[in-house]
Amino acid sequence: MGLIMHVFAKIIFVAVGYSIHMYLGKTLAPIVYGQIGVIMSIININYNFLSNGARQAASHLIAIHKFNEKDLIIKSYKYQILIAFGLSTINYSGAGLISQILNHPELKLHIQITSIIIPFTALYFISIGILNGYKILVIEALSAIFYAIARLSLIPFVKMLPDSAMGAILGFFVAAVAGCIVGHFGILKNVKLSYDITTKIDNRDYFRQIIDFLSFFFCITILLNMDMLFVNAMVHDGNQIGYYTGASNFSKVSYYLLSAIYLVALPIVTTQYSEKNVDGCKKTINNLFVIITGFILPIVTIAGPICENLMEVFYTTEYRAAGLATEMLMISQFFLGLFVIINILICSTKEKKFSILLGSGCVIIDAILCYILIPMYAIQGAALASLLTNILGVIVSIRKLIQVYGKIWSQKLFKIIGMNIIIFIIMTCFNAFWRSDNFIHVLMVCGVSYCSFVILMGVLRLIKPNEIIRLFALKSKWNS
């Protein structure tokens, strides 16, 4: 039940995000939407910092039942509050410099005000980390759902207030407070502390746990937002910034879906590897990649080629200008999600240093490519920089994954990848002579194409329901 609720929570999160951006893109001028995009990028960077580190450390350390629970919870709050204080200080004191670098000096006050959201977001994430550690997964998922739905308050705030960016900030503030309240209510009602274990974890060991989780996801956070920040700093056309804001937000669906996969992958593969069950690891990893290429990659290969139509019906006709950038970003975000999953699998063998070094290298490469390509190709250059960086990261990660686990690919996997290439070519040819500004028509084309693809895989017996059920059964066993 907990796993189903987690999947449902992720769907709600994605749906709410798309609803918000669809409203903003359709009702605001691109230049105003671009300003809100700056604020949302900063909020998202803080969000990703706070959702990784102390949250995972709390979950992991509580789950292994080796240390005093009361002490663990106190340390979890202490370190999360310290991280939040640091981020709030940077946001508030550095707002002037940040706004100047991003070519939006008028947003200095807005950036300062975002620091108020940070403590509540920090408390929300540490609460769901504790709930996850105690495996109170339904309440954890409900907290996430409340957080996602509360973000919809952004829409009336943007509509009512003359300052749209301030309305966006208020919406995120309401969401953080709502998630925080529900998460802590869940802890108070459901967590029963055990006093059987008196051993307390050393502060240095706990901090090392946080750094291990935070270092890699720090790189991912930067990679998620690097192109958007460079566009704001280097592109001087406000409309182009607005178009890229739309493209960037629209393209993240595959990343969000893939980010949920590691919740399934990490505990299963970690357990199998610790039991020296390498063959089990290989089978689990292959099944994961079959699911990824069979159900998530088709979203990219079907929607990517018709991005101009999608941008028009999702936003307005003006946003067709970002069609190519959106297509590249959709592919890029898929590779970034894949990059995260592969490195999570590598980290499950305790080889965390490789992932941290590779993530850091990709950040540097992405920054260099953005600096070179944006002056040459504007927003398309930013998308291309992101795409090239993430493809390179996946290639290097796959080489390491094979070194760690050996051969993990199956003929079935290559067939599914081949089918994705074919559907991508078909959709590209179809898009060459098809244009529509009707939301229902575009949605039907995507829906029919995707369902046909999945049915064909079933007919060819490339995807078997029992394999998927078995994989999720392993996850449920781990959660029990």
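- The side-chain heavy atoms of F172 and I39, taken from C-beta on, include no pair separated by under 4.5 Å.
- Checked against the 6.0 Å centroid threshold, F146 and H184 do not count as a close aromatic pair.
- One finds the CZ atom of F49 at 14.0 Å from the OG1 atom of T121 (value rounded to the nearest 0.5 Å).
- A donor atom on one side chain and an acceptor atom on the other are found under 3.5 Å apart for S59 and N132.
- The two residues A321 and Q380 come nearest to each other via the heavy atoms O-NE2, 3.7 Å.
- Minimum heavy-atom separation, M427 to I306: CE-CG2, 4.1 Å.
- Taking the centre of each ring, Y33 and Y315 come in below the 6.0 Å mark.
- Between the side chain of S332 and the backbone N or O of M328 there is no donor-acceptor pair closer than 3.5 Å.
- Looking at every heavy atom in both residues, S143 comes nearest to L131 through OG-CD1, 4.2 Å.
- The aromatic rings of F314 and F250 sit perpendicular to each other, their planes meeting at more than 60°, with 30° as the lower class boundary.
- When only modelled atom types and interatomic distance are considered, S386 and D227 share no side-chain donor-acceptor pair under 3.5 Å.
- Geometrically, R55 does not engage Y124 in a cation-pi contact, judged by NZ or CZ lying under 6.0 Å from the ring centre and within 45° of the ring axis.
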